[in-house]
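All remarks here apply to the structure that follows.
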Amino acid sequence: MTEENKEKPSHFIRDIIAADIAAGKHGGKVITRFPPEPNGYLHIGHAKSICLNYGMSKEFNGTFHLRFDDTNPTKEEVEYMESIKCDVKWLGADWKQNEFYASDYFEQMYEYAKDLIKADKAFVCDMTAEALRESRGTPTEPMKPSPNRNRSVEENLDLFERMRNGEFADGEKTLRAKIDLASPNMHMRDPAIYRIRREHHYRTGDKWCIYPMYDFAHPIEDAMEKITHSICTLEFEVHRPLYDWFIENLNIFPSRQYEFARLNLSYTVMSKRKLLTLVENKDVDGWDDPRMPTVSGMRRRGYTPEAIRNFCEIIGVTKFNSLTDVALLEHSVRDHLNKTSPRVMGVFNPVKVIIENYPEGNEESLDAVNNPEDESAGTRKVPFSRELYIEADDFMEEPPKKFFRLAPGQEVRLRWAYLITCTGVEKNADGSIKQIRCTYDPATRGGNTPDGRKVKGTIHWVSARHAVACEAHLYDRLFTVERPDADPAGRDFREFLNPSSLTKATVLVEPYVLEVAKPGYRCQFERIGYFCVDTRNSKPGKPVFNRTVALKDSWAKIAAK
RNA sequence: UGUCCGGUAGUGUAAUGGCAGCACUGCAGAUUCUGACUCUGCCUGUAGGGGUUCAAAUCCCUUCCGGACAACCA
């Protein structure tokens, strides 16, 4: 193990592969795969699997395959397939020319099934799904054998061919492997491996009316692609003996299956069924709604692939069913965005500020640093004039101690502009603040203090005359609630798509934003949060922002004390 | 209740028989042209019991707890 690896979190898969290479298995070759079923959009949990599989292939100079495990025509669609390709690519897992489809192997699988029949290791069964279920027994009682278990090889061959030819109705017959009726592992009790299903397949159309089951198909798919390490999630652990049984009895490439714990994230629902419900009920605006924990939703939110990859690295890979704090994800996102996001000034809840001693009609252009953490990001020009907007929260008429921002008599820095001091407040009839009056110090141009005096507060602002209004979607970090089924209040998980987080707001931004904001453009509005120009909803020249991660509002905490 | 898998600070994870460490969170402080970031400090842990050993988070036994599995889904 290298020094570098010692620094990394647990990764028993990495250790296994390293050991296999050291032992000369498969001639030191490593081939991994990510095998999604195209029946939904990828979510953050899939991202973990992608990072793992792709990461291992990369680390050990191996090959990575993207394979669509499309053996069930009922739920699969082209739209899903396309979205998966897009998301995997976006995450940076390059499968090069290695794009495969289980449906391309149907003919071969059919042949393998016949081999099994010829070896008297599979038989055609006439039982209904319900009868099968009843006959299966319990973990302590063995399964009752199928009345058709001892059909002759010839009859089975004939029947299986007729299944393929469409001579039987859906569900009328299945092909079952003949394994072990008394096995404590229910999956070994003569499992079904082919079923009849007249359903249009998104790729093979109506060519087939019989489809292989996962347990039969997967080892064959892996073997045909010479996958050395077939990495999947823990729930398939119980299936491994079956996987091995097919590998052995079909005498095919000895792929091996390894299992790791799937990702559970606090406040996040990752059940495909539930996500689909949200989409179908229009509780969200599609799979890529920024509140969704999908890869595409996160992309719209402004998360970066780098951040997601880093997250996957730091959470490690174990066999322990854990519940990862979503703060870990957000930390990764902030961490990357802090280094890379250009900064832009914006105001959500504007309140007008008049600079009394600034000449009316005058305006000037000030230099602002785009990213203090990245010099190469350069600077931009920000227009300044006598009338400005600042964030309402940045002003308090009667400030408590330790309020560093604008208040009567108090001086603050307008970022990249001037130091201003509040001289008074004008109010509306209802007592609300109409506008704030200030004076500026012309010697502090650019926000500098030639005399060296300190100001605690630096606030953001936009020139009233120049500001551009953009639409923004505000989203809380909340997707859904942790353990939604077990919510003590019995609330439905959909309720946790906080409707208040749906609000559209107008954000006033520097005119500069219009020059640079193309869909996907990310920036940070100081102290408010990170924003991403919506990759779906924005039109050229009129960016729509999605808020990403709210910055911690320390002031709220101070105020709460 | 059967089989399998698992259990290290609040959370995620290191330590493969040899000083229980790291990160996130939380709290406190410093710094700051973002009350962000950054930096410093603090808090908290080997599920219980027994055994082997000079030495156990690690090996063995046992109890407890958690998860997966009994679709013609994947």
Side-chain angles (χ1 to χ4, degrees), chain A residues 6-11 15 35-37 39 69-72 74-76 125 127-130 132-133 136-141 143 170-176 183-187 189 191-197 210-211 213-215 217-218 232-241 259 261 266 272 314-332 334-335 337-339 343 345 368-369 372-373 402-405 412-417 419 446-449 454-460 524-530 551-558:
Chain A
K6 275 184 187 170
E7 301 295 323
K8 292 179 182 175
S10 167
H11 219 140
D15 298 343
E37 184 187 16
N39 66 347
D69 202 2
D70 50 3
T71 57
N72 180 2
T74 321
K75 299 187 279 182
E76 296 156 6
C125 178
M127 293 169 83
T128 63
E130 197 186 348
L132 211 195
R133 212 175 304 125
R136 205 180 317 267
T138 66
T140 41
E141 300 163 50
M143 181 180 214
D170 284 14
E172 194 179 333
K173 293 195 184 327
T174 54
L175 183 69
R176 291 220 266 152
S183 172
N185 184 340
M186 307 295 277
H187 295 280
R189 322 241 273 214
I193 60 177
Y194 260 96
R195 78 283 210 183
I196 304 172
R197 184 159 295 181
I210 56 171
Y211 291 93
M213 303 283 295
Y214 168 86
D215 282 318
H218 212 84
C232 61
T233 47
L234 236 33
E235 65 266 30
F236 292 104
E237 210 163 23
V238 201
H239 297 242
R240 195 188 333 130
E259 308 88 10
S266 58
K272 251 188 207 175
I314 63 176
I315 57 176
V317 179
T318 66
K319 300 187 79 152
F320 174 59
N321 292 293
S322 54
L323 179 64
T324 302
D325 194 331
V326 74
L328 230 41
L329 208 210
E330 295 183 338
H331 171 259
S332 283
R334 267 203 306 273
D335 196 42
L337 256 26
N338 265 330
K339 293 179 189 122
R343 272 63 163 173
M345 292 191 287
V369 172
E373 297 179 39
K402 286 190 159 180
F403 182 78
F404 304 140
R405 287 167 273 166
V412 293
R413 172 187 290 113
L414 294 175
R415 197 162 201 223
W416 310 119
L419 270 56
N448 303 306
T449 51
K454 302 272 185 203
V455 269
K456 271 286 208 180
T458 298
I459 64 174
H460 48 131
Q524 187 192 108
F525 289 155
E526 299 168 11
R527 218 188 302 112
I528 303 177
Y530 297 89
L551 298 182
K552 282 172 271 184
D553 191 358
S554 307
W555 170 246
K557 282 186 226 157
I558 292 167

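Each chain gets a letter, A, B and so on, in the order its sequence line appears, and its residues count up from 1.
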Quiz item: Is any side-chain heavy atom of A/R415 closer than 4.5 Å to a side-chain heavy atom of A/I459?
Solution: no
Quiz item: If every non-hydrogen atom of A/R189 is compared with every non-hydrogen atom of A/R136, which pair is closest and at what distance?
Solution: NH2-O, 3.0 Å
Exercise. Using whole Å, report how far CG of A/L328 lies from P of B/rC22.
Key: 16 Å
Quiz item: Tell me: CZ of A/F320 to P of B/rG7, nearest whole Å?
Solution: 7 Å
Self-check item: Atom-pair distance (CG on A/L323; C1' on B/rC24), nearest Å
Solution: 14 Å
Quiz prompt | Distance, nearest 0.5 Å, that separates CZ of A/R176 from CE of A/M127 | solution = 5.5 Å
Practice problem: State whether a side-chain donor-acceptor pair under 3.5 Å links A/N338 with A/Y530. | Solution: yes
Quiz prompt | Test item: A/H218 and A/D69 side chains (from C-beta on) under 4.5 Å apart, heavy atoms | solution = yes
Quiz item: Looking only at atom P, what distance separates B/rA9 and B/rU62, rounded to whole Å?
Solution: 24 Å
Quiz item: Between atom NZ in A/K319 and atom P in B/rG7, what is the gap in whole Å?
Solution: 10 Å
Practice problem: Would you mind pulling out the nucleotide paired to B/rU52, Watson-Crick or G-U wobble, both distances under 3.5 Å? | Solution: none
Quiz item: Is B/rA15 paired to anything, Watson-Crick or G-U wobble with both distances less than 3.5 Å, and if yes, which nucleotide?
Solution: none
Quiz item: How many Å lie between CD on A/Q524 and P on B/rU38, as a whole number?
Solution: 12 Å
Exercise. Please determine if a side-chain N or O atom of A/T324 lies less than 4.0 Å away from the OP1 or OP2 oxygen of B/rC24.
Key: no
Quiz item: In the strands shown, is B/rG41 matched to any nucleotide by a Watson-Crick or G-U wobble pair with both distances under 3.5 Å, and which?
Solution: B/rC27
Self-check item: P atoms of B/rG26 and B/rC19, separation to the nearest Å
Solution: 32 Å
Self-check item: Rounded distance (Å) that lies between atom C1' of B/rG2 and atom CE of A/M143
Solution: 16 Å
Quiz prompt | Gap in Å between the two C1' atoms, one belonging to B/rA57 and one to B/rG48, rounded | solution = 14 Å
Quiz item: With rounding to whole Å, what would you report as the distance between B/rU46 and B/rU8 at their C1' atoms?
Solution: 4 Å
Exercise. Please state the P separation for the pair B/rU52 and B/rC64 - nearest whole angstrom.
Key: 23 Å
Quiz prompt | Watson-Crick/G-U partner (both atom distances under 3.5 Å) of B/rA36 | solution = none
Quiz item: On a whole-Å scale, what distance lies between the P atoms belonging to B/rC42 and B/rC5?
Solution: 41 Å
Exercise. Please report the closest heavy-atom contact between A/N185 and A/V238, naming both atoms and the distance.
Key: ND2-O, 2.9 Å
Self-check item: C1' spacing across the pair B/rC72 / B/rG67, given as an integer number of angstrom
Solution: 27 Å
Quiz item: Do A/T128 and A/E130 get their side chains close enough for a donor-acceptor pair, meaning under 3.5 Å?
Solution: no
Practice problem: Return the value, rounded to whole Å, for the distance between atom CG of A/D325 and atom P of B/rG26. | Solution: 9 Å
Quiz item: For B/rA70, does the glycosidic angle fall within 90° of 0 (syn) or outside that (anti)?
Solution: anti
Quiz item: Atom NE2 of A/H331 and atom P of B/rU13: how far apart are they, to the nearest Å?
Solution: 17 Å
Distances for protein N or O near nucleotides 39-46 of chain B N or O, under 3.5 Å:
none

Self-check item: Base-pairing assignment for B/rA68 (Watson-Crick or G-U wobble, both under 3.5 Å)
Solution: B/rU3
Practice problem: Report yes if the side chains of A/H187 and A/D215 come closer than 4.5 Å at any heavy-atom pair, otherwise no. | Solution: yes
Quiz prompt | Residue whose closest nucleotide on RNA chain B lies nearer the 5' end, A/A261 versus A/E373 | solution = A/A261
Self-check item: Same-atom distance (P) from B/rU1 to B/rA15, integer angstrom
Solution: 33 Å
Exercise. Give the nucleotide from the list B/rG12, B/rC37, B/rG35 with an atom nearest to the side chain of A/F403.
Key: B/rG35
Exercise. Search all heavy atoms of A/R413 against all heavy atoms of A/T458 and return the closest pair with its distance.
Key: NH1-OG1, 3.1 Å
Practice problem: Go along nucleotides 68-74 of chain B 5' to 3' and tag each nucleotide: B for a protein heavy atom under 4.0 Å from its base, S when only backbone or sugar atoms are that close, - otherwise. | Solution: SSBSBBB
Self-check item: Watson-Crick/G-U partner (both atom distances under 3.5 Å) of B/rU58
Solution: none
Self-check item: Donor + acceptor pair across side chains of A/T74, A/N72 (<3.5 Å)
Solution: yes
Quiz prompt | Where A/S266 and A/L323 come nearest, the two heavy atoms and their spacing | solution = N-CD1, 3.8 Å
